[in-house]
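Take a look at the structure below.
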Amino acid sequence: MTNGDNSEPASDAHVAQQIRVIRGQRVLLDSDLAALYGVTTKRLNEQVRRNIDRFPADFIFPLTNQDLVSLRSQIATLKTQDLDRSVKR
C-alpha cells in the first residue's frame with residue numbers, strides 16, 4: 001500500500017487515522033483507500049465492481065443518511081481534536 005503522494009508505503013499510523021466506525025464496524029472510506037493506493041476514488045470503485053467476486057461479501061456496503069450524519073460528526077470531532085492539539089503547543 002502506498003501513500004498517494006509518493007511511492008513509499010503508508011505508515012500504520014496514517015492508515016489508523018483513516019479508520020472510521022460505522023454501525024459498529026471499523027471501516028475505510030473508498031476515498032481514503034483510493035488515496036492510500038494512489039488512485040482516484042472513481043478508479044478504485046470501477047475495479048471493485050469489475051472484480052467483485054474477489055472481495056468478501058462484507059467488503060463494501062452503502063451508507064445510509066444516518067451513517068453520513070455520524071460520519072460527519074466523527075470527522076468534525078477529529079478536526080476539532082487536531083485543532084485543539086495545535087493550539088495547546
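Keep in mind that the numbers below use all heavy atoms, side chains included, and drop hydrogens, waters and symmetry copies.
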ILVMFWY cluster, Leu44 and Ile60 together (side-chain gap under 4.5 Å) | yes

Is there a path from Leu68 to Phe61 through hydrophobic residues (I, L, V, M, F, W, Y) whose side chains come within less than 4.5 Å of each other? yes

Query raised in the report: Where do Val48 and Phe55 come nearest, in terms of heavy atoms and distance?
Result: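 Taking Val48 first and Phe55 second, the nearest heavy atoms are CA-CE1, 3.8 Å.
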
Side chain to side chain donor-acceptor pair (under 3.5 Å) filter on Gln18, not counting sequence neighbours, yields none

Considering only NZ, NE, NH1 and NH2 on the basic side and carboxylate oxygens on the acidic side, decide whether Arg49 and Glu46 come within less than 4.0 Å.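 No, no charged N to carboxylate O under 4.0 Å.
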
Could you give the side-chain donor-acceptor pairs of residues 24-36 under 3.5 Å, partners two or more places apart or in another chain?
{"residue": "Asp30", "atom": "OD2", "partner": "Asn45", "partner atom": "ND2", "Å": "3.0"}

Contacts satisfying side-chain hydrogen bond (donor to acceptor under 3.5 Å, both in side chains) that involve residues 56-68 (not counting sequence neighbours) are Arg23-Asp67, Thr64-Asp67

